[in-house]
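Inspection log for the structure reproduced underneath, given as structure tokens.
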Amino acid sequence: MTSPYNLNNELAKERNRAAAERTLMAWIRTCLSLISFGFGIDRILVAIHQAFETEVDSFPLSRFLGLSFIIIGTLALLAAALSHRQDLKRIDRGDFIYTSRLSLSFVVSIALIVVGILAFIGILIKGG
């Protein structure tokens, strides 16, 4: 049995869908920034290394940082796209009930904290 048409429900679904689209677009911008930043770190260090034709001590650490940002950005984008798809399916089914789940923002922030700590330790060891 199908439920009767209710304009308020349909408008609420449309608002939720639009909010999900805005959230996905924000994640796309964030992930693109992470990927671009990682690529930029790597390319700048390669250019410096080639320009001075000497071994740059921090080159492996910078490569690690650049690749870490690229990996975090790519995985976060994949997770955001999958989450968005799930949200749209739940809105369409009409069973959009809040369920507690791990926040993607929290996971990305923890990953960046780990990369930052490793970079700090790497710089500390190189300097000491």
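Start at 1 with the first residue, then count along the sequence.
With values rounded to the nearest 0.5 angstrom, T23 atom OG1 is found 11.0 Å from I28 atom CD1. Here the CD1-OG distance, from I110 to S105, works out to 11.5 Å after rounding to the nearest 0.5 Å. Remark: M25 CE to T30 OG1 distance equals 11.0 Å, nearest 0.5 Å. One distance of note links CD1 of I117 with CG of L124; it measures 12.5 Å at 0.5 Å rounding. Within the model, atoms CZ of R85 and CG of L24 stand 13.0 Å from one another, a figure rounded to the nearest 0.5 Å. From L77, atom CG reaches atom NE2 of H84 across 11.5 Å, with rounding to the nearest 0.5 Å.
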side-chain contact (heavy atoms from CB on, under 4.5 Å), that's the test. Do D42 and R63 meet it? Break it down for me.
CA-CA 6 Å; D42 185 57; R63 167 116 333 156; 2.8 Å; yes
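Note on D87 versus R22: no salt bridge recorded, every NZ/NE/NH1/NH2 to OD/OE distance being 4.0 Å or above.
Put simply, V114 and L61 are part of the same group of oily side chains (I, L, V, M, F, W, Y) that touch within less than 4.5 Å, one to the next. Both F37 and W27 belong to a single network of hydrophobic side chains, linked directly or stepwise wherever heavy atoms of I, L, V, M, F, W or Y lie under 4.5 Å apart. Cluster membership for L104 and I35, using ILVMFWY side-chain heavy atoms within less than 4.5 angstrom, is not shared. Cluster membership for L102 and I113, using ILVMFWY side-chain heavy atoms within less than 4.5 angstrom, is shared. In the hydrophobic cluster analysis, where Ile, Leu, Val, Met, Phe, Trp and Tyr join through side-chain heavy atoms closer than 4.5 angstrom, I41 is grouped together with V108.
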Identify each donor-acceptor pair in which a side-chain atom of residues 65-73 lies under 3.5 Å from a protein atom, sequence neighbours left out, and give them as a table.
| unit_1 | atom_1 | unit_2 | atom_2 | d |
| --- | --- | --- | --- | --- |
| S68 | OG | F64 | O | 2.7 |

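For R17, the salt bridge (Lys or Arg N to Asp or Glu O under 4.0 Å) criterion is met by E14, E21, not counting sequence neighbours.
Residues L82 and Q86 have side chains not in contact (no heavy-atom distance under 4.5 Å, counting atoms from C-beta outward).
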